[in-house]
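The first residue of the sequence shown is numbered 1, and numbering continues consecutively from there.
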Amino acid sequence: MTVLAEKGKEYSLTDDRLNYFKTAAAEQEVTPKQALWGMASKHIASLSGMCKSGQGDMDRWLEKITDSINYLLLLRALVEEEMKDGQN
């Protein structure tokens, strides 16, 4: 099972895999994309630090890179959903 599928089960109580981004957005009074980007930024900043320091074992590199890719895929899903709903 992929990380994205595993995390989807862990982080959503509904069939909507984007639900927690929408909930976080409502709590923070921002858009779901902005809420997602705030969460993704942590992973990007971590990768930036790893690139600058050269530190991290392969498992950590793979985890951070995979998490970052998954956040971008989820961002794509939010954008596609907004476009479909005419919220662009």
Mind checking the [atom1]-[atom2] spacing from [X] to [Y]? Nearest 0.5 Å is all I need.
| X | Y | atom1 | atom2 | value |
| --- | --- | --- | --- | --- |
| Asn70 | Leu75 | CG | CG | 12.5 Å |
| Leu18 | Glu82 | CG | CD | 10.0 Å |
| Lys64 | Ser48 | NZ | OG | 12.5 Å |
| Ser68 | Lys42 | OG | NZ | 9.5 Å |
| Leu72 | Asp67 | CG | CG | 11.0 Å |

Point to revise | Residues Glu80, Arg76: salt bridge by 4.0 Å N-O rule | key: yes
Side-chain contact test, heavy atoms from C-beta onward, threshold under 4.5 Å: evaluate it for [X] versus [Y] and give yes or no.
| X | Y | answer |
| --- | --- | --- |
| Trp37 | Pro32 | no |
| Arg60 | Gln55 | no |
| Ile44 | Tyr71 | no |
| Phe21 | Lys33 | no |

Point to revise | Under the salt bridge (charged side-chain N to carboxylate O under 4.0 Å, His left out) test, residues paired with Glu29 that sit two or more places apart | key: none
Exercise for review: For Lys22, enumerate each residue passing the salt bridge (charged side-chain N to carboxylate O under 4.0 Å, His left out) test, keeping only those at least two apart in sequence or located in another chain.
Suggested key: Asp16, Glu81
Practice item. For Met50 and Gly56, work out which heavy atoms get closest and say how close. Key: CE-CA, 4.2 Å
Point to revise | Flag, side chain of Gln34 to backbone of Thr31, donor-acceptor distance under 3.5 Å | key: yes
Revision key, fill the gap. With sequence neighbours left out, the residues meeting side chain to side chain contact (heavy atoms under 4.5 Å, CB included) with Ile69 are Ile65, Leu73
Review point. Under a single-linkage definition using a 4.5 Å side-chain heavy-atom cutoff for Ile, Leu, Val, Met, Phe, Trp and Tyr, are Met39 and Val30 assigned to the same hydrophobic cluster?
Key: no
